[in-house]
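Computed from heavy atoms alone, side chains included, the values below leave out hydrogens, waters and symmetry copies. Labels below follow one simple rule: chain letters A, B, ... track the order of the sequence lines, proteins then strands, and each chain is numbered from 1. A quick note: this is a predicted structure, and the numbers were derived from the prediction, not measured.
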2 protein chains.
Amino acid sequence: LLETAELSKDYLMGSEVVNALREVSVQVKGGEFVAVMGPSGSGKSTFMNLIGCLDRPSSGRYLFEGRDMSQLNIDDLARTRNHRVGFVFQNFSLLSRTSALENVELPLMYGKVPRRDRKAKATAVLEAVGLKDRIRHQSSQLSGGQQQRVAIARAIVNDPALILADEPTGALDTFTGIEIMALFQALNRDGRTIVVVTHESDIAQFADRILRFRDGRLIKDERVEHP
Amino acid sequence: LLETAELSKDYLMGSEVVNALREVSVQVKGGEFVAVMGPSGSGKSTFMNLIGCLDRPSSGRYLFEGRDMSQLNIDDLARTRNHRVGFVFQNFSLLSRTSALENVELPLMYGKVPRRDRKAKATAVLEAVGLKDRIRHQSSQLSGGQQQRVAIARAIVNDPALILADEPTGALDTFTGIEIMALFQALNRDGRTIVVVTHESDIAQFADRILRFRDGRLIKDERVEHP
Ligand SMILES: Nc1ncnc2c1ncn2[C@@H]1O[C@H](COP(=O)(O)OP(=O)(O)OP(=O)(O)O)[C@@H](O)[C@H]1O
Ligand SMILES: Nc1ncnc2c1ncn2[C@@H]1O[C@H](COP(=O)(O)OP(=O)(O)OP(=O)(O)O)[C@@H](O)[C@H]1O
Ligand SMILES: [Mg+2]
Ligand SMILES: [Mg+2]
């Protein structure tokens, strides 16, 4: 499904260069469930933004569904992303003065889904993440973990082929976090490819494979043993 | 140091009332290290905002250092808070187009600390949280966990009597999270009172006491056994 070759991302800050990602080469097949781990600042979110078509690499190649994404212009990049990728941001990125329902309906509006179907689909995913009685709340009227769950619902409402979740359980208690991972497992059994950044090892255990980052490099790629 | 009596917080949403906090009564002595736990939406942040003098209760009393905070006007509330309380917000609340150093200097500007001392003090706490080589970075140029550590540095720079940290390790890998908790322990040994919201039990083990919330109520108050 996706393949990177020597993918790198540098940031220029005045006279200083920050090598956020250094020559990362990895293949992920359709239907895999992958966890991404590593210390704070090691390049996990930078990696996710590149494979989620949200940012351009400084060098290296990125093939998504066989297409070389580095050749696309900004509009084609966004179109591919809106239809094929669901993204849960580390900082949630919800629209603040907007209800939970409207936040989740947003990706369906890109896809020109009729209004009634949009509302039904958005309500269904909000119930799946446990927010049935908070649908009308605005983001600023929700707790941290409730906002995070709205962000998860928004990422999956469009039935994307690839779900990228950056620390999706960071603000959730253990029980709610496990419920969300069980939801991701169900989506994965339906054939969706899932890549999750996490720093909690019991969350990583839901995946089949762990990619470990350090200082911008991919230093380990290991199978998860399931008892 | 702080005492609440039947503290409650209700939110009015149209015709619906959300009881975020229900009659919470608790005492915390100076120098204690307390962890606050509970499911997503159970009232932890609401409790922290009330004891941190950031919000007013709907009913009940709150005594901070012997003073009844519910009697104070907004300005006195803010003045007490700026001098006595350090707050790590669940969403970090950093100024985005501002460097890490300037974000951490902000509380010292309230206290009219001279510029050179401000810069030295802010640099020292940023080094203590492991961000020595990111001091000039703006918040938007930092990773999630790096932003969280800037928020922690900002909360402790003023040597406050009370440090309230809402999920301070949510975006941090395990190793960095333990470094931060060791920093809090050192501050606690200096006599500062620390209250930390967390959903990770190995983080809660650094505290002496755990307050457990559920559906807006304080349902358990237990000592932590240290081997
Ligand atoms: N401004 C608001 N208006 C209406 N309801 C609110 C508001 N702020 C919080 N709430 C509700 O009050 C309840 C408690 O929220 P709070 O943020 O204290 O929970 P929490 O324990 O911190 O949760 P989390 O672990 O998810 O951060 C939640 O159900 C939330 O929806
Ligand atoms: N816009 C930017 N400008 C400059 N440096 C940046 C920028 N964005 C990220 N960085 C740097 O690149 C490095 C990698 O950042 P990244 O967000 O990928 O880390 P991360 O592994 O997701 O960390 P965390 O676990 O803390 O979220 C960090 O050291 C960060 O300071
Ligand atoms: Mg990150
Ligand atoms: Mg909270």
Under 4.5 Å from a heavy atom of chain A, the part of Thr169(B) involved: backbone
For [X], is the [atom1] atom crowded, meaning more than 12 foreign heavy atoms sit under 6.0 Å from it?
{"X": "Glu225(A)", "atom1": "CD", "value": "no"}
{"X": "Arg56(B)", "atom1": "CZ", "value": "yes"}
{"X": "Arg61(A)", "atom1": "CZ", "value": "no"}

For Gly38(A) against Asp173(B), the heavy-atom pair lying closest together: O-CB, 3.7 Å
Is there a side-chain contact between His137(B) and Glu16(A) in this structure, where contact means two heavy atoms from C-beta onward sitting under 4.5 Å apart?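 They are in side-chain contact.
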What I'd like to find out is whether the side chain of Thr174(A) reaches to under 4.5 Å of the side chain of Met37(B), using heavy atoms alone. no
Interface residue of largest heavy-atom contact number with chain B, from [options], under 4.5 Å:
{"options": "Arg136(A), Lys44(A), Glu200(A)", "answer": "Glu200(A)"}
{"options": "Val18(A), Leu172(A), Thr176(A), Asp166(A)", "answer": "Leu172(A)"}
{"options": "Ser201(A), Gly43(A), Gly170(A), Ala20(A)", "answer": "Gly170(A)"}

With a 4.5 Å heavy-atom cut-off (strictly below), which parts of residues 139-154 of chain A touch chain B? List them by number.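 Near chain B, by residue number: Gln141(A), Ser143(A), Gly144(A), Gly145(A), Gln146(A), Arg149(A).
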Pick from Met13(B), Gln90(B), Gln138(B), Glu167(B) with the largest number of heavy-atom pairs that fall under 4.5 Å of chain A: Met13(B)
